[in-house]
Amino acid sequence: MTAIPETVGRSSGRLDGEAKITGRFEYGVDAARPGMLWARLARSTQPHARIVSIDTSAALAVPGVYAVLTGADTEGFVGSRYVRDEPILATGTVRYAGEPIAAVAADTEEAAEEACRAIVVEYESLPVVESVDDALAEDAPIIHPEWESYWVSPIINRPGGNVVSHATLRRGDVDAVFATADRVFEDTYEVPLVHQASLEGRVAIAEVDDDGKVHVWSSHQYPWGLRQDISDILHIPLDDVRVTVTGVGGGFGGKLYAGVEPYCIVLALATGRPVKLRLTREEELTATSPRMGATVHLRTAVASDGTFLAREGRLDYDSGAYAESSPGVVSVGLMTLPGPYRWQALAVDARAIYTNKAGCGSYRGPGAPQAVFAGESQVDRIAREMGIDPLQLRLHNAVRDGDQGPTGQVLEGVSLVETLHAAADKIGWDSAGAGEGRGRGLSCTWWTTTGLPSSADLRLGEDGSLVLVTGATEIGTGAVMAGVAQICAGELGVDPGDLTIESADTETTPYDFGAQGSRTMVAAGNAAIAAASDLKDQMFDLAAAKLGCSPDDLELADGEVRDRDDPDAVLTLADVARLAGTGNGLVGSGTYEQPGTPFDTDSVVGAMIGAFNIPSFATHACEVSVDLATGEVSLDRYVIAQDVGKVVNPRYCEGQLTGGAVQGIGQAMFEEIVYRDGHVQNPNFTDYKLPTMADLPPIEAVMVEVPSASGPYGAKGVGEQGVIGPPPAIANAVRDATGRAIRRLPITAERVWAALRGEES
Amino acid sequence: MTAFSLLVNGVEHTMEAPAGAFLLDVLRDSLGLAGTKEACAEGECGSCTVLVDGEPVDSCILFAGQVEGRKITTVEGLGGDGLHPVQEAFNALGAVQCGFCTPGFVVAAAALLDRVGSPTPDQVREELAGNLCRCTGYDNIVAAVVSAGAASEASVASAASVASGVRGGGS
């Protein structure tokens with residue numbers, strides 16, 4: 001590990017801060033191209049139906065309309081990255097209410113909308129599969145009767161029928177261990193769909209040039225993934241697609257895959273004009289890749305002293321009508337259902353199952369909240385029924401350095417015990433048992449820092465300017481515009497404000513695996529360190545030749561290269577850049593790729609994720625009061641203690657913990673995409689309730705620092721983990737307050753009221 | 001189309017727009033003031049907040065024709081030629097992540113500070129609950145508004161003490 005520069009550990013401002021507070025920052029919704037048309041999509045009004053006919057003649061007659069495309073025009077353009085099951089426009093069958101049936105381009109958004117309304121579709125209704133239980137019933141309608149003909153990513157284990165994918169984990173002899181157990185606990189938990197609800201929805205522009213090259217501007221988290229998706233879906237050569245990321249008004253995993261972009265491209269090809277498509281809030285909440293719901297069956301075997309022995313679980317995730325990212329997400333259930341505890345044996349089955357809902361996708365900590373709500377709620381039940389303090393039970397079973405994770409990876413930098421103590425101290429756990437209607441709850445989580453490559457170029461201009469060119473995308477976290485900037489500036493001995501960052505364009509910036517998996521600051525930060533090191537080597541060689549010293553005598557500080565032993569031997573950055581004689585300064589380059597974490601590959605089948613890289617741990621603790629007459633829950637205190645390895649920017653690091661926790665609190669207490677008969681009942685922010693500042697206490701965040709071996713200065717991934725812990729922490733506090741377990745989210749007053757009356761939630 | 005005029009950030013604009021045009025769309029599309037954002041289009045999230053005669057309104061559900069002749073302030077005009085203290089506080093205290101809610105928040109917060117001077121954290125949570133943020137968890141936003149209020153109160157107090165000839169009064 002290199003020395004920690006002065007810029008690291010400070011709450012510096014973010015490089016995009018001023019543009020954002022003044023309204024000058026350009027988001028995807030603000031972008032435009034000359035001659036641009038507007039697109040709208042006509043969507044299915046039926047959750048499951050055969051399309052008998054589509055009549056677009058009235059739509060084509062709407063003034064200002066340039067093109068109306070249906071599935072007949074887009075035959076063979078099929079999406080979903082791991083199972084190609086999702087035609088961009090429905091062909092023959094619609095499988096959820098809101099599925100795109102036609103795409104319209106017009107000179108105004110209003111004309112495009114009017115044309116969509118003028119499209120006449122005749123349907124023949126099919127039976128609606130409303131839940132995973134419906135989908136698994138023996139006589140269930142098969143949502144994709146042609147499933148066997150679909151291309152599938154090789155790693156996926158696909159039983160067929162309504163089961164998209166089935167991942168398994170087997171470690172040890174579960175049956176034998178269960179036979180030795182003193183106590184066995186068995187529960188079923190249910191988690192509904194929730195939405196990322198980034199305030200900026202999905203939006204893109206596509207333009208096709210005379211040579212057929214496609215340029216897409218998109219509010220996106222992963223431009224190279226999007227480029228590959230576009231190439232795969234529309235059969236356009238990869239190099240003919242360029243993706244430029246616009247400003248991103250929130251992502252949370254919802255902007256990792258192709259979404260609106262293919263429609264913009266096919267309409268741009270059809271009209272010869274740039275085409276922009278932005279989705280409404282209703283479209284967002286009904287038709288854009290929410291977090292899967294899940295039904296979780298869980299059994300745990302425990303010894304009389306509270307030692308966890310074995311856990312057996314079945315996670316039936318609701319993938320909706322299409323696979324999208326569900327085959328990858330379910331494998332996270334294998335990693336997170338066991339929780340960060342020691343086990344003798346594990347058996348977990350995680351399936352993604354088709355239903356007639358919107359195809360589900362990725363959302364911050366994908367796959368984990370469903371599993372951890374079950375796992376940590378049951379840990380709490382075990383504690384209470386065995387008369388063991390929930391904190392002590394967790395400490396007793398917590399993984400430590402050198403233990404194995406659920407798939408056999410050897411755990412390093414383990415910090416669970418530290419976070420348990422930090423959270424317990426903060427909330428004052430020893431004085432728990434607050435009395436009638438008041439309660440406290442805990443939950444523990446662990447999470448990964450996703451690997452895969454990130455590269456950076458660092459340009460030193462002849463005027464001494466420094467530009468970091470990175471493929472990493474800033475989606476709001478500050479990972480790039482604060483964290484990476486501080487790391488890079490620190491390595492160069494300048495202020496972050498002296499740096500300019502150009503990012504996230506597949507043609508003009510080097511590769512990055514995207515803003516996903518809590519990886520950006522670790523991967524792009526390490527790439528920036530490598531680029532800075534390369535640039536410094538070049539600078540020192542040039543400066544040493546000029547100053548007549550050895551490169552080893554030189555240091556870089558305060559914007560100067562100087563000889564440590566000779567105060568007069570000083571060159572400015574501009575001096576050094578001109579020494580290169582290129583006319584264009586110098587470029588340093590660096591790449592970083594986290595090596596994969598070894599695990600027992602025989603322990604899993606069909607798992608796209610088999611280990612957690614640079615794992616991090618967290619404990620949540622909260623205090624609630626419950627109105628025993630109405631069931632209303634007031635969240636009085638909330639503590640999150642998370643291991644971040646090394647704090648690079650305290651303010652934005654803490655912002656990830658608090659922001660994550662509040663999203664998780666939303667899932668715990670307020671949020672649910674409510675389906676009835678296959679239709680979303682609450683596709684707006686009036687009825688889909690995000691937490692407001694009035695709903696929340698201040699979030700008390702504790703940043704625990706147990707360094708990793710490979711993150712910048714010991715940093716670990718931070719972004720996602722905070723969202724996972726709140727549902728069980730709050731459920732456990734409500735149970736402490738009322739004696740009643742809530743096994744279905746969200747924990748609403750109605751549900752608590754029913755539980756208080758002895759009704760199953 | 002109807003002809004009408006709007007007074008936005010101190011500048012009078014005459015334009016034609018459909019009678020049913022919303023103020024938000026006129027600001028963004030006709031006047032090029034794209035700082036004001038739309039996130040729900042139904043007055044539920046506060047991203048489109050602008051001031052009309054100093055009062056925060058949801059511009060996504062207000063017809064432009066309803067505010068003819070009234071003084072409209074958007075994020076672009078909030079600080080005059082510089083930055084409003086609440087904008088500076090948002091940037092300094094980590095209240096900005098993706099920033100999409102920020103224009104609406106700073107505009108609503110500026111109106112709150114105008115009205116109550118130096119709000120408590122609880123007052124901020126109550127008064128700005130109509131603005132949604134999906135990134136920050138709100139704490140840094142509350143802190144920024146409280147801080148901007150306290151700073152402006154301190155500077156008012158300081159100015160008042162200087163004006164009244166009291167020196168070294170501890171402010």
Side-chain angles (χ1 to χ4, degrees), chain A residues 11 13-14 16-27 29-30 110 196-201 247-252 278 280-282 474-478 482 649-652 654-663 665-666 684-686 690-696 698-699 701 722, chain B residues 18 25 28 33-47 74-79 83-84 86-107 121-122 124-143:
Chain A
S11 288
R14 48 189 306 148
D16 54 3
E18 180 145 336
K20 286 180 172 177
I21 55 170
T22 54
R24 289 200 305 270
F25 189 79
E26 191 178 282
Y27 295 89
V29 291
D30 305 321
E110 292 74 19
Q196 302 89 355
S198 56
L199 288 188
E200 183 195 41
V248 179
F252 312 114
R278 60 171 182 173
T280 65
R281 187 56 54 187
E282 180 169 348
E474 173 59 67
I475 61 171
T477 62
N649 182 308
R651 192 159 282 135
Y652 290 107
E654 188 178 70
Q656 286 307 293
L657 271 53
T658 55
V662 167
Q663 270 188 328
I665 291 167
N684 54 67
F685 282 161
T686 308
L690 301 183
T692 74
M693 54 168 65
D695 297 319
L696 300 160
I699 306 301
Chain B
D25 298 325
R28 285 180 57 87
L33 296 170
T36 307
K37 298 296 186 242
E38 175 184 302
C40 75
E42 58 172 23
E44 198 58 57
C45 74
S47 300
T74 70
V75 65
E76 290 90 349
L78 191 63
L83 292 175
H84 189 282
V86 83
Q87 289 173 301
E88 288 178 339
F90 263 61
N91 201 10
L93 296 180
V96 179
Q97 286 189 25
C98 91
F100 203 77
C101 71
T102 303
F105 253 115
V106 294
V107 165
D122 284 347
V124 173
R125 285 185 187 272
E126 183 71 27
E127 297 276 352
L128 298 185
N131 288 66
L132 295 176
C133 169
R134 192 57 159 169
C135 295
T136 63
Y138 298 110
D139 287 344
N140 287 346
I141 293 176
V142 175

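Quantities reported herein were computed from a predicted structural model and do not represent experimental measurements. Chain A is the first sequence line, chain B the second, and so forth, proteins listed ahead of strands; every chain is numbered from 1.
The candidate from A:Ala694, A:Gly201, A:Gly666, A:Pro698 with the greatest count of non-hydrogen atom pairs under 4.5 Å with chain B is A:Pro698. Note: B:Cys135 leads B:Cys135, B:Pro103, B:Gly43, B:Cys101 in heavy-atom pairs under 4.5 Å with chain A. Interface summary for chain A: among B:Asn140, B:Leu132, B:Asn131, the most heavy-atom pairs under 4.5 angstrom belong to B:Leu132. For the set B:Ala95, B:Pro121, B:Ala129, B:Ala143, the count of heavy-atom pairs under 4.5 angstrom toward chain A peaks at B:Ala129. For chain A, the option among B:Asn91, B:Thr36, B:Asp122 with the highest count of heavy-atom pairs below 4.5 Å is B:Asn91. Between chain A and the options B:Ser47, B:Ala92, B:Ala41, B:Cys45, the largest number of non-hydrogen pairs under 4.5 Å is found for B:Ala92.
With a 4.5 angstrom heavy-atom cutoff, A:Gln196 touches chain B only via backbone atoms. Using a 4.5 Å cut-off between heavy atoms, A:Ala197 contacts chain B through both its backbone and its side chain. Both the backbone and the side chain of A:Phe685 come within less than 4.5 Å of a heavy atom of chain B. Both the backbone and the side chain of B:Leu128 come within contact range of chain A, with heavy atoms under 4.5 Å apart. For A:Leu696, the parts sitting under 4.5 Å from any heavy atom of chain B are the backbone and the side chain alike. Contact of B:Val86 with chain A is not made at all, since no heavy-atom distance falls under 4.5 Å. Heavy-atom distances place both the backbone and the side chain of A:Val29 under 4.5 Å from chain B. Proximity to chain A is absent for every atom of B:Leu78, based on heavy atoms less than 4.5 angstrom apart.
A donor-acceptor contact shorter than 3.5 Å is absent between the side chain of A:Arg24 and the backbone of B:Gly35. B:Arg125 contributes a side-chain N or O that, together with a main-chain N or O of A:Met693, makes up a donor-acceptor pair within less than 3.5 Å. For A:Tyr27 (side chain) and B:Cys98 (main-chain N/O), a donor-acceptor pair under 3.5 Å exists by modelled atom type. Although no hydrogens or angles enter the test, the distance criterion places no donor-acceptor pair under 3.5 Å between the side chain of B:Gln97 and the main chain of A:Thr477. Not one N or O on the side chain of B:Tyr138 forms a donor-acceptor pair closer than 3.5 Å with the backbone of A:Thr658. Under a 3.5 Å cut-off, the side chain of A:Lys20 and the backbone N or O of B:Phe100 do not form any donor-acceptor pair.
At least one side-chain heavy atom of A:Gln663 sits under 4.5 Å from a side-chain heavy atom of B:Arg134.
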Derivation of the salt bridge (charged side-chain N to carboxylate O under 4.0 Å, His left out) call for B:Arg28 and A:Asp30 = CA-CA 9 Å; B:Arg28 285 180 57 87; A:Asp30 305 321; 2.7 Å; yes

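Considering CD of B:Glu88 and CD of A:Glu18, their distance stands at 8.5 Å, rounded to 0.5 Å. Atom NE2 of B:His84 sits about 14.5 Å away from atom OG1 of A:Thr22, to the nearest 0.5 Å. Note that CG of A:Leu199 is 9.0 Å distant from SG of B:Cys40, once rounded to the nearest 0.5 Å.
Judged by distance alone, the side chains of B:Glu42 and A:Thr686 do bring a donor and an acceptor atom under 3.5 Å apart.
The salt bridge (charged side-chain N to carboxylate O under 4.0 Å, His left out) search around B:Asp25 returns none, not counting sequence neighbours.
Minimum interatomic distance between B:Leu83 and A:Ile21 (heavy atoms only, all atoms of both residues): CD1-CD1, 4.0 Å.
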